[in-house]
Asks: 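Sharing a structure below in structure tokens format, with a few things to ask.
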Amino acid sequence: MAAPPLVFVFAAIAALAILVLVVFAFRRWWRRRGQRQRQRRPLQTAEAAPTPVAVQDEDIDRPLLSGNWGDHSRQSNSFLGSSVGEPSKIQTNRSNTSPRSHAITDTGRIYPAECCATQGETHVINVENDTTEEYQLGSTLKRTPPPKWSTPDQKHRRRVSGEDNHNGSVSLKDNTYHSSLNLEVIAGPSHGISCSRQSSRPSMLPITLGRVPPSDLVFKDSEVSGKHAQINWNAKTLKWELVDMGSLNGTFLNSQSVHHPDAQSRRWGEPAELAHGDIITLGTSSKLSVQISLQNQRVPAGVGMASDPMVARRSGRKLPMEDISFCQCPLQGVEHFGFFGIFDGHGGDGAAKAVSKILPENLGYILSHPETKERVQSCADASDVLRYAFTLTEDAIDHQYEGCTGTALLIWFDQNKDCFAQCANLGDSACVMSVNGRTIDMTEDHRVASATERARIARTGQPLKDGEVRLNGLNLARMFGDKFLKEQDSRFSSEPYVSQAVRITKACTAFAVIASDGLWDVISTKKAVQLVVEGKERNAGDSTSAAKVANRVLNEARNLRTKDNTSVIFVDFDILRTDLCIAK
């Protein structure tokens with residue numbers, strides 16, 4: 001009799017279960033056999049193993065983005081409002097389109113050719129005929145996207161400050177940057193002696209500190225060795241460096257030893273970078289103060305520049321200086337034009353240095369075309385020139401993990417000797433002007449917390465959440481550089497805000513203050529204008545009044561304990577128009 005179908009089903013299931021158990025047991029036996037064989041096998045030599053990838057210590061220690069936001073990463077700004085959604089001081093009151101066209105071509109590049117808008121479209125603030133107490137400029141004008149130039153593919157890598165760039169951005173070995181070093185003995189038997197050197201005169205370098213001639217600074221101190229220490233200019237990093245020359249009693253920088261650990265070996269120590277305000281100690285009693293200033297070009301009359309890295313509140317140490325200030329009057333190769341700029345770096349100073357060199361060159365090259373220069377002067381509008389120079393500069397740099405703000409004030413004189421000023425900016429470094437006692441904000445706040453910037457981001461289709469004040473760790477949404485972040489998040493932008501042009505007639509009294517966010521963290525624009533007015537009155541008739549006014553503003557930020565690098569440029573148009581280098 002045939003077995004019922006149900007019996008066959010149970011038999012098949014039982015056979016399958018037995019097969020699974022056999023396979024499982026065999027696999028366990030095979031694994032144990034392999035382990036016993038590996039234990040008997042001799043150890044492989046190190047040469048047979050794959051070579052590990054070398055990792056530098058600095059790559060391990062350095063985060064992708066600086067984590068010390070509280071001290072020196074430009075993340076604590078209060079200028080133009082600091083709370084989420086707080087309205088900016090600058091209101092939108094202009095059209096979002098620009099009628100300008102681009103037509104001049106040269107070697108494949110396109111330059112702004114049509115600066116003049118149709119009748120009624122030229123944006124010039126004539127303060128003399130306006131009774132408003134305070135001017136507030138409008139939103140960023142849209143423009144026709146410029147052509148994208150092909151550039152070599154760049155790998156995502158960190159850039160070390162001062163590193164040479166052979167793929168489109170500036171080589172920081174260029175000696176365009178000239179620095180002035182001033183040393184003064186402030187304590188010890190040789191108190192009062194001093195020494196100054198320029199980086200542009202290498203024949204006068206290095207500076208030797210010692211007890212006997214031919215040292216450049218001779219100390220009457222028995223603790224100082226015959227040749228104790230040396231200071232030289234590093235053209236690669238654009239820094240002054242201190243090195244101990246094997247002294248017996250040691251060399252200290254801000255109380256930290258920089259001599260060789262074995263003082264009796266008489267070996268030289270490792271070079272240590274100097275910063276403005278450092279204190280060098282030779283032995284125990286002789287102390288020197290270090291004063292460093294950047295001298296890109298001659299500073300004309302009526303212009304004052306001052307900067308200070310400031311001190312971190314928690315550690316009490318000086319912050320790394322990542323601000324770069326720039327002044328060029330006249331603009332190289334372009335008469336009757338001048339340029340002032342502040343570039344506040346984050347993640348290092350490499351991007352700020354690169355932009356401070358490339359942007360003025362781009363402006364000078366564009367304005368070197370006679371047609372473009374004439375249109376700017378006749379139409380009293382350089383917005384397309386500024387916007388296009390910013391675009392070319394952003395395309396020229398390839399800083400993946402560094403970025404910087406950019407605030408550029410372009411001034412020029414027309415045929416009637418009237419002065420015009422127009423500003424473009426990315427980030428939170430700001431410019432404010434005062435004309436006949438009226439305050440004009442020349443920049444726009446590009447922090448993520450700004451209401452205007454949040455509105456721009458919302459228009460991209462990816463609005464910010466309530467309470468969100470950073471994008472990928474940054475509190476800025478617009479900047480130069482940071483190419484890696486821009487590739488990851490399209491909400492980042494390098495589209496500058498461009499102000500209206502401000503006309504300054506011969507009858508006007510006018511000045512401008514440009515500063516990094518270290519100033520605006522603790523001082524309002526109204527307070528800054530008040531400090532300048534008081535400083536001008538106090539130093540009237542002094543040939544160095546502009547520098548004293550700039551330092552007065554800087555000192556106020558220092559007294560209020562700002563926790564960020566602070567740089568200030570003061571431009572007194574009343575004096576500047578008398579300088580033949582710009583207004584001839």
Side-chain angles (χ1 to χ4, degrees), residues 65-66 68-84 86 88-90 305-313 318-326 340-349 351-352 355-356 402-409 423-432 441-453 469-471 473-482 492 496-497 512-529 531 550 553-570:
L65 295 172
S66 178
N68 192 4
W69 304 108
D71 284 340
H72 60 272
S73 294
R74 316 291 183 267
Q75 309 300 331
S76 57
N77 308 287
S78 59
F79 178 52
L80 301 180
S82 59
S83 61
V84 180
E86 181 178 348
S88 171
K89 291 182 180 179
I90 303 173
M305 303 173 70
S307 62
D308 191 332
M310 298 300 175
V311 176
R313 292 179 180 175
K318 281 192 174 293
L319 299 170
M321 188 57 171
E322 297 175 340
D323 285 1
I324 298 293
S325 302
F326 189 92
F340 308 91
I342 284 183
F343 310 93
D344 179 358
H346 52 260
D349 60 2
V355 172
S356 69
E402 291 183 35
C404 70
T405 70
T407 298
L409 181 67
C423 193
N425 84 288
L426 288 171
D428 55 1
S429 298
C431 173
V432 60
D441 290 315
M442 300 291 288
T443 47
E444 184 178 75
D445 185 11
H446 292 156
R447 292 173 304 146
V448 178
S450 166
T452 55
E453 198 61 13
V469 294
R470 296 182 185 273
L471 285 178
L474 288 181
N475 75 335
L476 295 178
R478 296 197 223 181
M479 74 292 283
F480 283 111
D482 286 319
F492 286 108
Y497 166 82
V513 176
I514 313 168
S516 58
D517 63 324
L519 177 71
W520 309 117
D521 285 347
V522 294
I523 294 178
S524 65
T525 54
K526 182 178 179 180
K527 178 63 175 179
V529 169
L531 289 170
V553 176
L554 180 69
N555 286 334
E556 184 71 11
R558 188 184 293 116
N559 293 337
L560 293 174
R561 298 185 65 192
T562 182
K563 59 179 181 179
D564 206 349
N565 297 163
T566 305
S567 297
V568 177
I569 300 178
F570 167 65

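As the structure is a prediction and not an experimental result, all values here were calculated from the model.
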Asks: Ignoring hydrogens and geometry, is there a side-chain-to-backbone donor-acceptor pair from T407 to S429 under 3.5 Å?
Replies: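 Judged by distance alone, yes, a pair lies under 3.5 Å.
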
Asks: So, taking the atom named CZ in R470 and the one named CG in N475, what distance separates them when rounded to the nearest 0.5 Å?
Replies: 5.5 Å

Asks: Would R561 and V311 count as a side chain to side chain contact (heavy atoms under 4.5 Å, CB included) if you check the C-alpha gap in whole Å, the side-chain angles of each, and the deciding distance to 0.1 Å?
Replies: CA-CA 8 Å; R561 298 185 65 192; V311 176; over 6 Å; no

Asks: Is there a side chain to side chain contact (heavy atoms under 4.5 Å, CB included) between I569 and V513? Walk through the geometry before answering.
Replies: CA-CA 6 Å; I569 300 178; V513 176; over 6 Å; no

Asks: Quick check for you: to the nearest 0.5 Å, what is the distance between L426 atom CG and T405 atom OG1?
Replies: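 Answer for the CG-OG1 pair, L426 versus T405, is 8.5 Å.
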
Asks: For P496, is there any backbone N or O sitting under 3.5 Å from a side-chain donor or acceptor partner on N425?
Replies: no

Asks: Nearest 0.5 Å please: distance from the OG1 atom of T443 over to the CH2 atom of W520.
Replies: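 Separation between the atoms: 8.0 Å.
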
Asks: Could you check whether any side-chain N or O of D323 sits under 3.5 Å from a backbone N or O of D344, counting only pairs where one atom can act as donor and the other as acceptor?
Replies: no

Asks: Tell me the closest heavy-atom pair linking L554 and A306, and the distance in Å.
Replies: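 For L554 versus A306, the nearest heavy atoms are CD2-CB, 3.8 Å.
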
Asks: Roughly how far, to the nearest 0.5 Å, is the CZ atom of R478 from the OH atom of Y497?
Replies: 10.5 Å

Asks: Do S307 side-chain atoms and M305 backbone N/O form a donor-acceptor pair below 3.5 Å?
Replies: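 Here the side-chain-to-backbone pair does not exist.
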
Asks: Kindly compute the distance separating CD (E402) from CE (M479), expressed to the nearest 0.5 Å.
Replies: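 These two atoms lie 13.0 Å from each other.
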
Asks: Find out whether R558 and T562 are in side-chain contact, i.e. whether some heavy atom of one side chain is under 4.5 Å from a heavy atom of the other.
Replies: no

Asks: Using a 4.5 Å cut-off on heavy atoms from C-beta on, say whether the side chain of D445 contacts that of D428.
Replies: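 In short, these two side chains touch, coming nearer than 4.5 Å.
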
Asks: Do N559 side-chain atoms and N555 backbone N/O form a donor-acceptor pair below 3.5 Å?
Replies: yes

Asks: Donor-acceptor pair, distance only, cut-off 3.5 Å: does the side chain of N565 make one with the backbone of P309?
Replies: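 The answer is yes, because a donor-acceptor pair under 3.5 Å joins these two groups.
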
